[in-house]
There are 2 protein chains.
Amino acid sequence: MNVHTGTDASGYVTSETPPEAKRPRAPSIRDVAKLAGVSHQTVSRVLNNHPSIRDETKSRVLAVMGELQYRPNRAARALVTSRSRTIGVLTSHRSEYGPASSIQAIEEAAVLQGYLVVTANAEGADSHSIARAITHLLDQAVEGIVVIAPQVRVFDTLAEMQLDLPFVTLQSTGRLNDHALSVDQMTGARLATRHLIELGHRGIYHLAGPQDWIEAEARMEGFLREMGDQDVPTTAPILGDWTAEFGYHAGRELLRVRDFTAIFSSNDQMALGLMHAIHDEGLDVPRDISVVGFDDIPEAAHFWPPLTTVRQDFAELGRRCVALLIDHDELPEGTDAPGSVIPTLVVRSSTAPPSA
Amino acid sequence: MNVHTGTDASGYVTSETPPEAKRPRAPSIRDVAKLAGVSHQTVSRVLNNHPSIRDETKSRVLAVMGELQYRPNRAARALVTSRSRTIGVLTSHRSEYGPASSIQAIEEAAVLQGYLVVTANAEGADSHSIARAITHLLDQAVEGIVVIAPQVRVFDTLAEMQLDLPFVTLQSTGRLNDHALSVDQMTGARLATRHLIELGHRGIYHLAGPQDWIEAEARMEGFLREMGDQDVPTTAPILGDWTAEFGYHAGRELLRVRDFTAIFSSNDQMALGLMHAIHDEGLDVPRDISVVGFDDIPEAAHFWPPLTTVRQDFAELGRRCVALLIDHDELPEGTDAPGSVIPTLVVRSSTAPPSA
DNA sequence: CCACTCTTTGTGAACGTGCACACCGGCACT
DNA sequence: AGTGCCGGTGTGCACGTTCACAAAGAGTGG
């Protein structure tokens with residue numbers, strides 16, 4: 001591991017400060033102005049492409065900017081406008097596939113709008129670390145927060161801190177909105193559940209995620225409703241923690257009774273652990289037990305057997321979050337985003353009709 | 001999906017601006033000063049805990065800060081000090097486990113030092129998108145860059161742009177340093193290879209990563225050296241792209257000849273694809289073919305069969321990067337970081353002696 | 001008691017940008 | 001010709017912080 005500075009070929013041998021070094025201050029708006037023979041304000045106008053500026057002036061200024069390699073100073077701008085053009089992302093489990101790809105999409109979308117993204121991970125997801133994460137974001141003067149985390153607790157903490165900050169989550173909350181759970185996640189869960197029912201399964205378990213995650217709640221809700229609608233007797237879902245490890249142990253536990261022929265897992269990782277447990281018992285997927293996941297992480301197609309799962313368009317979700325956050329005041333207050341992202345069922349080889 | 005503003009319970013019905021609203025400017029250093037009965041400079045000194053300040057004064061100022069919920073304005077500070085206290089992370093494949101967890105570690109370490117982390121993803125990893133990513137980082141006035149990407153190209157681009165910016169990579173480059181490849185990655189690869197050789201395998205393939213990733217190069221180098229040292233005839237490594245998908249197709253291809261009994265894959269995802277291909281052919285892992293991965297992603301323990309792999313301490317790597325970057329001028333120029341992170345071999349069930 | 005130092009505090013000027021306002025010239029309308 | 005307006009440009013200040021410098025008070029040594 002090494003540190004490099006770009007140009008290492010300088011001829012200096014002495015470690016004294018090279019004569020007349022005095023790191024030559026980056027060019028400012030005024031330097032550009034002087035060289036272009038205009039006032040700094042004109043340069044500023046070019047920068048913010050103000051309408052009334054003569055084309056010729058504009059191009060002259062732009063030319064000088066290129067020549068000087070001018071870069072607007074974000075700090076100065078933030079200082080005077082008192083707008084940071086920064087949005088914060090609050091996560092937990094940020095290195096897992098779902099959150100990670102959402103972050104990526106958020107970042108891409110934000111950059112496109114000239115915004116900066118700052119992330120803060122609340123490992124452990126307890127109130128304390130959530131508060132710490134929020135504080136970090138606040139220190140960066142974020143203008144809004146995207147929440148990819150146990151939202152209930154985040155909301156509570158946010159309220160506790162009495163912040164008047166716009167925030168947005170990957171799903172509508174079901175709390176502030178009186179259980180107006182977002183359709184998409186639920187639809188996905190229903191899709192998965194229906195698939196199992198249509199294959200002929202009746203003993204179906206649901207391995208849910210932590211219930212203070214809205215996604216988890218919505219998926220569970222979808223499962224329960226679909227089971228209800230189709231008059232299939234339902235057993236209580238098991239509450240997991242998203243990890244393969246948990247899926248494995250839950251599987252071991254479940255298989256001691258084995259009063260089921262299918263499991264719908266709230267994400268792909270837990271499904272993987274589940275299949276591991278099933279294999280460990282000498283059973284086969286899908287012959288003995290069918291498994292459905294959720295998310296369609298890139299690896300899911302190569303699990304053994306390849307996993308039937310629900311594909312989530314994380315990127316699209318991320319993009320919408322940003323859109324909503326950035327021009328949220330242009331939307332009528334309280335309306336849901338038009339056209340939810342609809343997840344699709346990807347049928348692979350981990351599901352089959354129950355074996356007689 | 002919904003946008004919320006923290007306090008929604010305000011009594012206003014009209015959407016007119018509430019009387020005397022004028023968003024009450026966040027408290028500044030001067031507000032604190034006034035209330036504490038000192039000068040703004042004294043407050044500043046408390047902030048930067050300057051040595052010569054009376055304890056009593058200090059605590060009084062701190063008290064007022066707490067009372068006012070004062071937060072230092074980062075932009076103002078950056079403006080005057082012309083230091084952004086920001087470091088950039090340049091990635092590609094950022095949502096994959098390895099990069100993602102490194103980023104997380106980097107961020108944690110950076111925050112601890114009062115630094116901000118900005119990420120930029122060069123999707124596609126071509127020169128153009130790398131340049132774009134670097135530009136984005138530059139716009140944030142980053143003070144240094146951590147590279148988690150095809151480093152060769154990043155270095156070239158950096159050089160092309162003639163930037164005098166400290167940067168650090170997860171591994172020393174092998175280019176600038178005349179092939180002083182970092183030991184750790186190589187050691188890991190040797191560990192994996194030796195494990196296979198010791199089990200009795202002789203026909204061993206290596207599925208490598210893209211060769212402009214230093215990690216990939218180092219792992220391949222480790223494989224080749226170990227094979228050489230142990231006098232095992234070597235076949236040319238296959239160059240992959242880190243994805244399970246590629247591993248699968250490479251596996252299908254390889255199995256048409258089947259002149260091997262073991263494969264060492266440069267990461268876990270490709271190993272997963274490989275095992276998928278092997279299963280597809282009706283073969284068994286490890287009975288017919290042994291597979292070793294690299295990284296030990298959390299899912300690896302639950303692959304079928306559970307994957308023998310090399311554990312990487314991404315978090316530690318991230319932490320070191322930051323340490324190196326932030327106080328890099330305190331280290332003697334050009335020395336490697338003391339005590340590389342040594343990866344360990346995790347033996348699970350995907351490896352066994354060759355079947356006769 | 002003076003000269004000096006050291007600690008603790010204050011004063012004023014930057015930093016680079018955007019905003020409010022003023023200014024100038026030309027055109028259209030009266 | 002005067003009045004008003006509009007496109008295009010310039011002037012000065014403000015944003016919140018740190019830095020360089022100075023000043024006031026306390027202590028110390030001769």
Side-chain angles (χ1 to χ4, degrees), chain A residues 22-62 64-65 68-86 114 116 138-143, chain B residues 22-62 64-65 68-86 114 116 138-143:
Chain A
K22 60 165 180 180
R23 181 172 288 278
R25 201 175 99 296
S28 86
I29 212 181
R30 295 191 132 93
D31 298 322
V32 176
K34 197 173 302 172
L35 218 67
V38 294
S39 77
H40 70 104
Q41 177 57 8
T42 301
V43 178
S44 171
R45 280 191 259 257
V46 171
L47 236 39
N48 304 289
N49 51 12
H50 188 92
S52 66
I53 207 165
R54 232 187 332 159
D55 275 355
E56 191 227 305
T57 319
K58 183 170 182 174
S59 56
R60 185 153 38 104
V61 170
L62 284 173
V64 175
M65 280 180 180
L68 257 53
Q69 297 227 49
Y70 168 78
R71 274 174 207 288
N73 182 322
R74 209 180 168 101
R77 182 176 292 184
L79 181 57
V80 69
T81 57
S82 60
R83 298 208 41 198
S84 63
R85 299 214 122 220
T86 300
L116 178 63
L138 253 36
D139 285 342
Q140 319 310 323
V142 296
E143 294 178 15
Chain B
K22 60 165 181 180
R23 180 172 289 278
R25 201 174 100 298
S28 85
I29 211 181
R30 295 191 133 93
D31 299 321
V32 175
K34 197 173 302 171
L35 216 69
V38 295
S39 78
H40 66 107
Q41 175 58 5
T42 302
V43 178
S44 171
R45 280 191 259 258
V46 171
L47 236 40
N48 303 287
N49 50 13
H50 188 91
S52 67
I53 204 161
R54 233 188 328 163
D55 277 354
E56 191 225 306
T57 319
K58 182 170 183 173
S59 55
R60 184 153 37 101
V61 170
L62 285 174
V64 175
M65 280 181 181
L68 290 182
Q69 297 228 49
Y70 167 78
R71 274 174 208 289
N73 182 321
R74 209 179 169 101
R77 181 176 294 185
L79 182 58
V80 68
T81 57
S82 60
R83 298 210 39 199
S84 63
R85 298 214 125 221
T86 299
L116 178 63
L138 253 35
D139 285 343
Q140 319 311 323
V142 296
E143 294 178 15

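Side-chain atoms are counted along with the backbone in the values below, which use heavy atoms only and exclude waters and symmetry mates. Each chain gets a letter, A, B and so on, in the order the sequences are listed, and its residues count up from 1.
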**OP:** Using a heavy-atom cut-off of under 4.0 Å over every strand shown, decide if B/S82 touches base, sugar-phosphate, or nothing.
**Re:**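 The residue B/S82 makes no contact with any strand.
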**OP:** Tell whether A/H50 reaches the base of C/dG18 with its side chain through a donor-acceptor pair below 3.5 angstrom.
**Re:**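 No such pair is found, so the answer is no.
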Original post:
Going by modelled atom types, is there a donor-acceptor pair between the base of C/dT9 and the side chain of B/R54 at under 3.5 Å?
Top reply: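 It does not, because no donor-acceptor pair links the side chain of B/R54 to the base of C/dT9 below 3.5 Å.
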Original post:
Could A/D139 and B/R71 be called an ion pair, given the rule that one side-chain N must be under 4.0 Å from one carboxylate O?
Top reply: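 Salt bridge flag = yes for B/R71 with A/D139.
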Original post:
Where is the tightest heavy-atom contact between B/A78 and B/S84, given as atom of each residue plus distance?
Top reply: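 What the structure gives for the nearest pair is CB-CA, 4.4 Å.
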Subject >> Considering all heavy atoms, the nearest B/L47-B/Y70 contact >> reply: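 Looking at all heavy atoms of both residues, the closest pair is CD2-OH, 3.5 Å.
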Phosphate-side-chain proximity, [X] and [N], N/O vs OP1/OP2 below 4.0 Å:
X	N	result
B/T57	C/dT9	yes
A/S52	D/dC6	no
A/R25	C/dG16	yes
A/R83	C/dG18	no

**OP:** Report the residue (A/V80 or B/V38) whose heavy-atom-nearest nucleotide on DNA chain C is the more 5′ of the two.
**Re:**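 Final value for this comparison: B/V38.
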Original post:
Quick one: on DNA chain D, does B/N73 or A/Q41 contact a more 5' nucleotide (nearest heavy atom)?
Top reply: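 This one resolves to A/Q41.
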Subject >> 5' priority, DNA chain D, between B/R45 and B/P72 [closest heavy atom] >> reply: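 Looking at DNA chain D, the more 5' nearest nucleotide goes with B/P72.
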Subject >> B/D55 atom CG, neighbour heavy-atom count above 12 within 6.0 Å >> reply: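 Open: at most 12 neighbouring heavy atoms sit under 6.0 Å from CG of B/D55.
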Subject >> Given C/dG16, C/dA13, D/dT9, the nucleotide with the shortest approach to the side chain of A/I53 >> reply: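 Nucleotide nearest to A/I53's side chain: D/dT9.
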